[in-house]
Trainee: 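Just passing along the structure, written as structure tokens.
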Amino acid sequence: MLSSKESFQHRVEIEHHSTFNKSYEALILPVTISHIPFSNPTVQRQRGWSSRFTKLPEDSGARYRYHKSLCLTKTPDYVPQNAILARSANETSNSILPYTQGLTGVNLWLNDITGMSLLLSLGFLILLTLLLRLLFFTQSYLRLLTTIDSNRKRLKFWEQESTIWSNIQKYLLVAPLFQKKHNEELHLFKGVKIGTIPSRLHTLFLSFYALTNIIYCCLLDYNSQPRAALLAEIRGRTAHLAVLNMIPLFLFCARNNPLIGILGISFDTFNLFHRWLGRIVLVEILAHTFIWGANVFDAVGLQGINESLGSNFIISGLVSVVSMVAILFQSPSLVRHAMYEIFLHVHQVLAIAALIGGFLHVWYHKLPQVPIFYLLICLWACERFLRIYSILRCNVSHQGVTKAHVKALEGGACRITFETPRAWKPAPGSHIYAYIPRISGHMSHPFSIAWSSPNSPLETMQGPTPVESSSFSTASRGIEADFSPRHRGGSNISCIISARGGMTSSLYNRAMASPSGVATMTAYIEGPYGGAEFLRSYGTVLLFAGGVGITHQISLMKDLVDSSMAGVCSTKKVILVWSVKKAIMLEWCREWLEEVVALSEASRIEFESGVEVKVLLYVTQQEGIVEETEESKRVLRYRVGTEIQYRRPDVHEIVKREVEDRIGAVSIGVCGPANWGIVCGMQVEGSWGEA
């Protein structure tokens, strides 16, 4: 037996786990004191000076509950100093633990106020965009009403653009963020692109919205509460705002986003906002996670953090956080462009994991954000339902399903014509998403619509009927059919696709391997999306196209010519500048260009008015070629009133010349590969300033 004056130390054997009691008031460590029987008088004296020991039930043997110590030191004559420190540390832990989970310390009233203010901030941006849209639409509609069936003199008024409005457009509405480059990529480091730099207007909107998030996160009670309570308030605020931000995050990535039609903003622009909103949500979720970790560490240390990771509440939250961080690392444009199919699959799986993890995280403790997650799930489910309904409605009927006819073209491209069982009338400049199960399974890919016409088997297989065999009467009938509410039969939707790997290369190879040069397979198309560009009020329209960018521009040309013949268009002059690498690429849509030019000439003869169409063709990688080869002979059969120039287009000179010779207001559009579009856009802006 030990003497009363001896000091001794007995090790405490910690069991394999520790638990939080249900009220989260203290951390209880089940311990066993070795080598000291409960009947020992020394232990009886130990109970006298340490009220933190509690005997366990008799069936547990000589066991005690001790709040926070790995070692017991006994000095019978006085209360030991380490026991006092342990008691103080335990009291501190008890005061912090309530703020580590649940709603303790969370200011629910202020969360509701800041959350509503955040939605009002978003609503303000939407309202501002709507007002700008209405202003632009009103101006265009008034210009259209005052210039239909007008001569050049009456269009002269609209040639004098307002200096104030021009400067607003030049320096704000359509201005790039830096220098003169639109759609410039943001580089993490050399060779690795992480996204597109927003325009000046987009940057103002995003900066305003990000600033409101920062302000609402910082609206806290800094004076009348301890540090643990302040951290709990920040934790609750960042989580609440992150969940609210998921509403526009999910809405902006939807193809059937109603704001696209209401605001007249393209899906690409909403996709840009979607990516930046995702970054804001990720920052708030990470702040929520680290602040929780700081409070738990202050209360129970790293061991307590590790042990708390075993609860379903924490696991579900971590699943959501890890999924969002993974999305950040797999979303750079380098990954998206190099492995689009893989990126899309992984992105969707991670997004669903983040949504489910977040929902379970708030559902386990019945937190106030549960209804918001119900709304997010409904948004996602409704958008998917609308897409499925659109696919079935447009592609399935008693006449059959949509067929895709793929024809390989020289120059590394193919023309794909979708023969739909139901009538389509896509807006000019619109695009579709194509599902071709034999090629890409359930994956869909976006393609711009170059041409649409009533269903005709001959046209489907051989392309548009050449203008040589067409007449003005047949053209007129086609226009009347286009402007009728609906064709009784199906439609042909044609796209030009450049083979660039993945699905596009598979389509091209399948067509090349076909003995007839045309591969036919079942397909489903979804859309049309976008389009409806209001160009009919402009007297002069100048369009630049690079490569397959012709698909977007030719649909605008056809709409302007058809509308002019129908008497609902003020456009008097359309200039198309098409630049390709090789001359053979000009064959991709020769028949369509010839038909548009023929229709414009026929309308000018028949109605003594109409739109003048001028086509300028450029071949860039065969500069200086003047000899007549078989290829050049075929290309020179173009009946578009122009000759092919084997050089790069002088955009600066073209814009300056056409602006000086303009009729009425001028609209300039550019569509083509990214680098070509940037260079072309810079030259357009410089030329416009000089003109």
Side-chain angles (χ1 to χ4, degrees), residues 17-29 52 65 67-68 86-118 213 215-246 281 283-321 357-373:
H17 65 278
S18 61
T19 59
F20 287 104
N21 63 0
K22 291 185 178 180
S23 62
Y24 306 105
E25 293 179 353
L27 179 66
I28 306 301
L29 297 178
R52 290 175 291 120
R65 286 195 185 275
H67 282 252
K68 191 175 182 182
R87 183 184 298 113
S88 176
N90 183 62
E91 292 172 355
T92 302
S93 175
N94 290 344
S95 65
I96 296 176
L97 279 170
Y99 298 104
T100 59
Q101 296 189 42
L103 298 176
T104 304
V106 177
N107 193 329
L108 295 178
W109 176 81
L110 195 53
N111 277 0
D112 292 338
I113 297 298
T114 54
M116 184 61 66
S117 300
L118 181 68
N213 274 268
I215 292 174
Y216 298 148
C217 286
C218 295
L219 289 178
L220 307 167
D221 183 5
Y222 294 97
N223 299 320
S224 59
Q225 57 183 347
R227 177 177 182 272
L230 182 64
L231 291 179
E233 186 177 357
I234 301 175
R235 170 176 58 82
R237 183 71 45 74
T238 53
H240 185 64
L241 295 182
V243 174
L244 283 176
N245 279 322
M246 287 183 182
V281 170
V283 169
E284 290 173 338
I285 289 296
L286 289 176
H288 169 79
T289 304
F290 284 116
I291 290 170
W292 166 83
N295 246 356
V296 176
F297 178 80
D298 290 343
V300 294
L302 286 176
Q303 181 181 359
I305 294 178
N306 292 333
E307 291 164 351
S308 65
L309 298 181
S311 68
N312 292 332
F313 175 73
I314 301 300
I315 290 175
S316 58
L318 287 178
V319 167
S320 184
V321 174
F359 170 73
L360 293 177
H361 184 68
V362 300
W363 182 78
Y364 279 127
H365 281 184
K366 302 299 184 290
L367 299 179
Q369 290 76 27
V370 172
I372 302 177
F373 274 96

Trainee: Measuring from L118:CG to I113:CD1, what's the distance to the nearest 0.5 Å?
Mentor: 13.0 Å
Trainee: When rounded to the nearest 0.5 angstrom, what distance separates OG in S308 from CD1 in I315?
Mentor: 10.0 Å
Trainee: For residues G293 and I305, report the shortest heavy-atom separation together with the two atoms involved.
Mentor: O-CD1, 3.6 Å
Trainee: Where is the tightest heavy-atom contact between L219 and L110, given as atom of each residue plus distance?
Mentor: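 That would be O-CD2, 3.1 Å.
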Trainee: Taking only residues two or more places apart in sequence, or in another chain, which ones meet F290 in a side-chain contact (heavy atoms from CB on, under 4.5 Å)?
Mentor: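 side-chain contact (heavy atoms from CB on, under 4.5 Å) list for F290, sorted by chain: L286.
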Trainee: Could you walk me through whether L97 and V300 pass the side chain to side chain contact (heavy atoms under 4.5 Å, CB included) test, one step at a time?
Mentor: CA-CA 8 Å; L97 279 170; V300 294; 3.8 Å; yes
Trainee: Looking only at heavy atoms, which two atoms of L244 and G115 are closest? And how far apart?
Mentor: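 Heavy atoms of L244 and G115 come nearest at CD1-CA, 3.2 Å.
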Trainee: Could you tell me which non-hydrogen atom of L231 sits nearest to which non-hydrogen atom of A294, and how far apart they are?
Mentor: CD1-CB, 4.4 Å
Trainee: Just say parallel, tilted or perpendicular for the rings of H361 and F313, cut-offs at 30° and 60°.
Mentor: parallel
Trainee: Do the side chain of R235 and the main chain of Y99 share a donor and acceptor less than 3.5 angstrom apart?
Mentor: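 Yes.
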Trainee: Can you see whether D221 engages N107 through a side-chain donor-acceptor pair at a distance of less than 3.5 angstrom?
Mentor: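 No, no side-chain donor-acceptor contact under 3.5 Å.
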Trainee: Show your working on side chain to side chain contact (heavy atoms under 4.5 Å, CB included) between D298 and R227 and close with a plain yes or no.
Mentor: CA-CA 10 Å; D298 290 343; R227 177 177 182 272; 2.2 Å; yes
Trainee: Within the distance-only criterion (no hydrogens, no angle test), does the side chain of S320 pair as donor or acceptor with the backbone N or O of G317 below 3.5 angstrom?
Mentor: no
Trainee: Rounded to the nearest 0.5 Å, what separates atom NE2 in H240 from atom CG in L108?
Mentor: 9.0 Å
Trainee: What pair of heavy atoms forms the shortest contact from C217 to E284, and how long is it?
Mentor: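 Minimum heavy-atom separation between C217 and E284: SG-OE2, 4.2 Å.
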Trainee: Could you give the distance from OH (Y364) to OG (S316), rounded to the nearest 0.5 Å?
Mentor: 6.0 Å
Trainee: Can M246 and I372 be said to form a side chain to side chain contact (heavy atoms under 4.5 Å, CB included), step by step?
Mentor: CA-CA 9 Å; M246 287 183 182; I372 302 177; over 6 Å; no
Trainee: At their closest point, which heavy atom of A287 faces which heavy atom of T238, and how far apart are they?
Mentor: CB-CG2, 4.2 Å
Trainee: Please list, chain by chain and in numerical order, all residues satisfying side-chain hydrogen bond (donor to acceptor under 3.5 Å, both in side chains) with N111, sequence neighbours excluded.
Mentor: R237
Trainee: Where the side chain of N295 meets the backbone of T100, is there a donor-acceptor pair that is under 3.5 Å apart?
Mentor: no
Trainee: Out of curiosity, I291 CD1 to E233 CD, how far, rounded to the nearest 0.5 Å?
Mentor: 10.5 Å
Trainee: Do I234 and L220 have side-chain heavy atoms sitting under 4.5 Å apart?
Mentor: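 They are in contact (side-chain heavy atoms under 4.5 Å apart), so the answer is yes.
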